[in-house]
Amino acid sequence: MNKREDLSVAEALGLILDRVAVLPEEKVTLLDALGRVLARPVVAADDLPPFANSAMDGYAVQAGDVVGAGMDTPVILRVVADIAAGSRNTIEVVVGAAARIMTGAPLPTGADAVVPVEDTDEPWRDAHRPLPETISIRRVVKSGDYVRYPGEDIRAGALVIDEGAVLRPQEIGTMAALGVAQVPVFRRPRVGILATGDELVEVTAALTPGKIRNSNSYAQAAQVRALGGIPVMLGIASDTETDVREKLNAAVNERVDLLISSAGVSVGAYDVVKAVLDKSGNVGFWRVRMRPGKPLAFGTYGGIPFLGMPGNPVSAMVSFETFARPAILKMSGHQSLSRPSVRAIVLEDIRSDGRESYIRARVTRDERGYVALTTGSQGSHIMTSLVKANALLVIPEGVTEVAGGTTLTALMIDWPGVVF
Ligand code: AMP
Ligand code: MG
């Protein structure tokens, strides 16, 4: 496995996804389940609504009593009860009777419909109005009107949310309504993030000649967190095998689920990450036919899946997008692993070197549909063109020239940035 292999993006991703597994499930409280993937189906223990109740503030009646009621032909009923939401009533609405009832209050026995208060002579704009002795009904209602029946939304025993669902606010609310307080979800991956290179200093340190700040670790930690993973910062390893090994061993002890490094996997004289991993024996070094990016290490270290990214900041981020993102999503239980994409008309000529290229671009929408403009220099050290981008345009392998007007697939890394 130690020889350098040439792989397409799809081949590399396939190998990676084959070798990362969905993490075990855990139970979390309702609100902590937001954005997580449900590990077991939610089956309703109760009906929802749990009991017949009123959909309006009004009067519970027997529909048979108000046949023919109208503005000019009101039906007068005797008011026998006042039923507030949350109350338990034992009253029965018999022929000729009505009960004042609030939205959500239990429908009394005998009644089979509700007349909205606006269709009565009660002065409904006044708060705190006393219960009238009689009520004048000014419209017809059919049996069942303005009544919410038990189980109308969800029947006890029904499958409500399937395993694999990504939990949104509406699922959280539905589970709350069903009394699900602890939610079985797949565990969030803990991802160890290691920077390597003698040139790197911490963000807070002063820059001295020859040094740059470690930006990759922060970008990658943010990428992990944006996916719902838990970044574990492993710091900066110097370009010595001892230091790299020490930091990786520390991560193994921290029980991370995935290890991600940047730099040191290329063919430079000081590419010590490669040297350390080579000796550990379980890592392959790939030349992926993509741009930016190319060198990629993948395998296991101490039994933990390991992804070694290139060092250049844009290459590191695009490689993460392409390989680490789907892996982390799979580990978290997600079934949809790719970014949403659109077909966009490119508004300028673009060149490529024949590798599958991921071009930083801004996609907007106009009368032609989705259109794309590149965001400036595509150098793998130029972060600002990634800052301006909301998409990566994919130029397929083998294509070296894309003429303006061509339609390409745009991977949307930032949907809210699209102007509609
Ligand atoms: P290497 O893969 O070690 O040859 O690094 C490629 C380029 O990426 C070099 O210019 C490095 O200085 C740069 N680089 C490596 N690691 C980082 C990092 N953590 N943050 C920013 N730039 C980095
Ligand atoms: Mg280096």
Side-chain angles (χ1 to χ4, degrees), residues 1-7 12 15-16 19-20 189-205 207-221 223-224 230-288 292-320 323-324 327-328 380-381:
M1 186 148 167
N2 286 343
K3 78 178 196 331
R4 258 180 202 271
E5 288 178 82
D6 270 20
L7 296 174
L15 289 171
I16 292 167
R19 286 169 52 195
V20 296
R190 288 164 48 77
V191 182
I193 293 168
L194 180 66
T196 66
D198 281 345
E199 72 277 36
L200 302 176
V201 296
E202 262 308 329
V203 178
T204 46
L207 281 186
T208 52
K211 304 291 184 185
I212 59 168
R213 298 187 182 96
N214 167 20
S215 63
N216 285 351
S217 292
Y218 288 92
Q220 293 184 329
Q223 286 179 303
V224 168
I230 302 166
V232 178
M233 291 293 210
L234 303 176
I236 301 166
S238 62
D239 284 326
T240 64
E241 291 187 32
T242 331
D243 200 20
V244 169
R245 196 171 292 120
E246 220 165 74
K247 297 237 162 33
L248 288 178
N249 290 343
V252 174
N253 290 335
E254 283 248 14
R255 304 237 290 255
V256 297
D257 301 299
L258 175 67
L259 277 165
I260 290 180
S261 70
S262 60
V265 291
S266 198
V267 291
Y270 298 95
D271 284 338
V272 295
V273 176
K274 181 178 181 308
V276 168
L277 297 171
D278 243 340
K279 288 177 189 160
S280 82
N282 296 310
V283 176
F285 297 89
W286 300 339
R287 263 193 300 256
V288 183
K294 180 158 94 179
L296 191 73
F298 179 67
T300 56
Y301 185 92
I304 297 168
F306 179 98
L307 254 173
M309 307 282 177
N312 277 305
V314 176
S315 309
M317 288 200 78
V318 172
S319 299
F320 186 109
F323 302 111
I328 290 170
S380 57
H381 60 300

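Residue numbers run from 1 in the order of the sequence given.
Nearest heavy-atom pair across Gly311 and Asn216 is O-ND2, 2.7 Å. The shortest heavy-atom contact between Ala195 and Leu200 is CB-CD1, 3.9 Å. Considering all non-hydrogen atoms of both residues, Arg213 and Glu202 come closest at CG-O, 4.4 Å. Ser380 and Ser315 make their closest contact through CB-OG, 3.2 Å (heavy atoms, listed as atom of the first residue, atom of the second, distance). Minimum heavy-atom separation, Val314 to Pro292: CG1-CG, 4.0 Å. The two residues Pro310 and Ala316 make their nearest non-hydrogen contact at O-CB, 3.5 Å.
Under the 4.5 Å side-chain criterion, counting only non-hydrogen atoms from C-beta, Val272 is not in contact with Thr240. Within the 4.5 Å cutoff, no side-chain heavy atoms of Val265 are placed close to those of Leu296. The shortest distance between side-chain heavy atoms of Val244 and Leu277 does not fall below 4.5 Å. Using a 4.5 Å heavy-atom threshold, the side chains of Val224 and Phe320 count as touching. In this structure, Ile304 and Val252 have side chains that are in contact, with non-hydrogen atoms separated by less than 4.5 Å. Residues Phe306 and Asn282 fail the side-chain proximity criterion, which asks for heavy atoms closer than 4.5 Å. Residues Val20 and Pro305 are in side-chain contact: their nearest non-hydrogen atoms beyond the backbone lie under 4.5 Å apart.
No side-chain donor-acceptor contact under 3.5 Å links Ser238 to the backbone of Gly197. Using modelled atom types, one side-chain atom of Asp271 and one backbone atom of Ser266 make a donor-acceptor pair closer than 3.5 Å. Put simply, the side chain of Arg19 never gets that close to the backbone of Phe298: no donor and acceptor are under 3.5 Å apart.
Note that NZ of Lys247 and OG1 of Thr242 are 10.5 Å apart. Values are rounded to the nearest 0.5 Å. From Lys274, atom NZ reaches atom CD of Glu241 across 10.5 Å, with rounding to the nearest 0.5 Å. In this structure, Asn214 CG and Ser262 OG are separated by 6.5 Å, a value rounded to the nearest 0.5 Å. Rounding to the nearest 0.5 Å places CD of Glu254 at 7.0 Å from CG of Leu234. Rounding to the nearest 0.5 Å places OG1 of Thr208 at 11.5 Å from CD of Glu199. One distance of note links CG of Leu248 with CG of Asp243; it measures 9.5 Å at 0.5 Å rounding.
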(request) Determine, step by step, whether Leu194 and Ile260 satisfy the side chain to side chain contact (heavy atoms under 4.5 Å, CB included) criterion, reporting the C-alpha distance in whole Å, the side-chain angles of both residues, the deciding distance to 0.1 Å, and the verdict. (result) CA-CA 6 Å; Leu194 180 66; Ile260 290 180; over 6 Å; no
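For Asp198, there are no side chain to side chain donor-acceptor pair (under 3.5 Å) partners two or more places apart in sequence or in a different chain. Not counting sequence neighbours, Asp239 has no partner by the salt bridge (Lys or Arg N to Asp or Glu O under 4.0 Å) test.
When the shell of 6.0 Å around NZ of Lys294 is examined, it contains 12 or fewer heavy atoms from other residues, nucleotides or ligands.
Using a cut-off of 4.0 Å between Lys/Arg side-chain N and Asp/Glu carboxylate O, Arg190 and Asp257 are scored as not salt-bridged.
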